[in-house]
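Have a look at the structure below before the remarks.
Numbers restart at 1 for each chain; the letters A, B, ... are given by sequence-line order, proteins then strands. Values below: every heavy atom of this structure, side chains too, minus hydrogens, waters and symmetry copies.
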Amino acid sequence: MRPADWIIVIAYFAYVIWEGVRHGRKNVNLDDYFRGQRSLRWWTVGLSVMATQASAITYIGTTGQSYGSGMSFIQVYLPQPLVMVVLCLTFVPLFYRANVFTAYEYLERRFDARTRSLTSFLFLMSRGLSVSIVLYAPSIVLGVIFGWSEVTTILVMGLTTIAYTTVGGNKAVIMVDAKQMMLMFAGIFVAIGLLVARLPGGFSLSDAVHLAGVTGKWNNVDLSLDLTNSYTLLSGMLGGFFLALSYFGCDQSQVQRYLTGRSITESRLSLIFNAFVKVPMQFLILAIGVLMFVFYHFEKPPLNFNESYKRLLVARAPAEYAELERNHEAAFEGRRRAAIALEQARSTGGNAESEVRRYLAAQEALRQVSDSNRSLLSKFLGTTPSAEINYVFPSFLLHYAPAGVLGIMIAVIFAAAMSTFSSEINSLASATVIDFYKRYCLPEATDRHYLLVSRGVTVFWGLFATTAAVFAGRLGSLIEAVNKVGSYFYGPILGVFLLAFFARRSNAAGAFWGLLAGEVSVLAVAYYSSISWLYYNVVGAATVVLAGSLISRISQGVGSRPVARE
Amino acid sequence: MPIDKEGLKARIIGSFETATTDRTHLPGSGTAAEPIACGICIPRWDGFPAHRTWALSGAALSVVNIPAMSNRSSNRMTGRKVPEGEDSPPPFSTWNRLYVAVIVYTLVLLAALYWMTVALNR
């Protein structure tokens, strides 16, 4: 890191702490602390919604994923605009008019306290688990770039975020999120610009797009009906739809964002803003990975993006590793020549088909060297090495970003991680305080007391997540890990809300037992079947609605009565 | 019998403030159908009372337009702020048009991504 990079990173940290403290002075009660007095405009809320969803995993894991397997992940995001319409029509006006602090508060009014507590508890479980992974991701970057241990990095990141979130509350979180999101937008264009500028002379962006297509990286849409494949149009539009509906409609970390809008219109517009911007943004982030793949045709990629793996092999098997490095060098050089020949043949109208075959053979040769490297690693690690895709983007930045740009990109990754982390610990605190502490422990207390407790609970969740993050490194691809953990809970929670909104005759008993049935169904499907994790949301939500409706019908008279209509 | 319009309006507004946060008006609570019995408001499909349409018994005054709820007025039951109603119109003039625009946009995105897959991918 050069001085310019340090200045940018330090300025970023100074700003977020100042912003948090600035807003913290105005907090006098729970409404200030958790809902920002419902005073925010749609663009601020909309940017915060995006920033909360886009964590550092989005930048590190997703770019790595498209580097390895192309654009197919975009299909998971495709239904999001439609989800936003559903939310604007149903969830947003209901929550807003109910004047609730948490989404689960609504369920007590609709059903009973038991259902509210169970859903809130499931939220705390799922979010509490995944927030640690969100924090772990940027520690990888700084581990690679600064050579810090991941534990140290997690502590620096975690404690700073805990400080400004605890002091500033939700309004500070949202105001900082908005600025962080703008920084993240800038980072996307900076990264793409850097990659395009680094392509060799005579090799245009069009050539890069073509070369990526030859290896199947533009696999945006997969029409297969394979239920075990997570990245098909079917799994995206169906599983992704339910996942997004649950995340944006029932996850307190998102509901709390749009509850701060100054009117229902502002809250709705914040989501519509996301509907228009999210998919193109995700496309560009994935395109960074594809462009990196092309870039590494002309600059030799490391055999191990994870430096610790390289050190391990150099120490434990120096001869074998040296042999692997030689093979890697030869395979890389073969692919580089094949790629140039292919694009020359394309531009001059030569025999492109034979050049394509030659290129694909060279690509396969490089992959075999990589497989040999992983086999050797497995031998010494005693287990399958963790996915290297999470190290690709940080490694690229470290070696190829010029002074200043590196600082911006590090600030972007910090911003992505901290915006999500801050929103999540703030929402964990609101669910804990509103749904449990205020509901069961101390319903009547002074504003000062609740504010103090809320800050204490924010610190607790922050420290819990920070500690758990230390152990998150054993998981594989981070992006999948987060969504997998969430998927065990998302579907059933969504099912309860669908039951509340649309099943007029459902009652408390149906909601509670339906929710448990939904949880059991998700666990059974996860354990006994091989369908993609994205479908767990569909299974969970459908089971809750069906079982909940059935139980409600059987147990009529128990709990709340059905709604009579005009 | 003459109708006291001002008195009725005051009754309606007072009841409305209670109804917006009173849990008995939420769907499934069992009493959402009752407002008609007291001649005050019509519950919407979602169980919340309509903002601007009010049905009253009696032939002389069938509909009363209530202005949008005042900003940040405090609710007398809970002390929480009463939410505002709709304010400025959305882009495309109406919400339905905006939603249709989002759906069309999604289909265009899908078509563009599919075209890329077919045209650029081998």
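- The distance from the CZ atom of A:Phe276 to the CG atom of B:Leu109 is 9.5 Å, given to the nearest 0.5 Å.
- Considering only heavy-atom pairs separated by less than 4.5 Å from chain B, the leading option among A:Val279, A:Thr215, A:Val356 is A:Val356.
- Shown here for B:Thr106 and A:Pro81, the closest heavy-atom pair between the two residues is OG1-CB, 3.1 Å.
- In this structure, the side chains of A:Leu269 and B:Leu98 come closer than 4.5 Å at one or more pairs of heavy atoms.
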Practice problem: Evaluate the criterion side-chain contact (heavy atoms from CB on, under 4.5 Å) for residue pair A:Val221 and B:Val118; output intermediate values, then yes/no. | Solution: CA-CA 9 Å; A:Val221 177; B:Val118 173; over 6 Å; no
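- Here the rule is side-chain contact (heavy atoms from CB on, under 4.5 Å) with B:Thr117, and of A:Leu233, A:Asn220, A:Asp222, A:Leu223 only A:Asn220 fits it.
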Quiz prompt | Step-by-step side-chain contact (heavy atoms from CB on, under 4.5 Å) determination, B:Tyr99 to A:Arg268 | solution = CA-CA 11 Å; B:Tyr99 298 149; A:Arg268 279 175 167 158; 3.6 Å; yes
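- Here the straight-line distance linking atom OG of A:Ser206 with atom CG of B:Leu120 works out to 9.0 Å at 0.5 Å rounding.
- For A:Leu78, the parts lying under 4.5 angstrom from a heavy atom of chain B are both the backbone and the side chain.
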Practice problem: I would like to know whether B:Trp95 and A:Leu89 meet side-chain contact (heavy atoms from CB on, under 4.5 Å); could you show each step before the answer? | Solution: CA-CA 9 Å; B:Trp95 284 108; A:Leu89 284 167; over 6 Å; no
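- Considering every non-hydrogen atom in both B:Tyr105 and A:Ala275, the closest pair reads CE2-O, 3.4 Å.
- For chain A, the nearby parts of B:Tyr114 are the backbone and the side chain; heavy atoms of each come within less than 4.5 Å.
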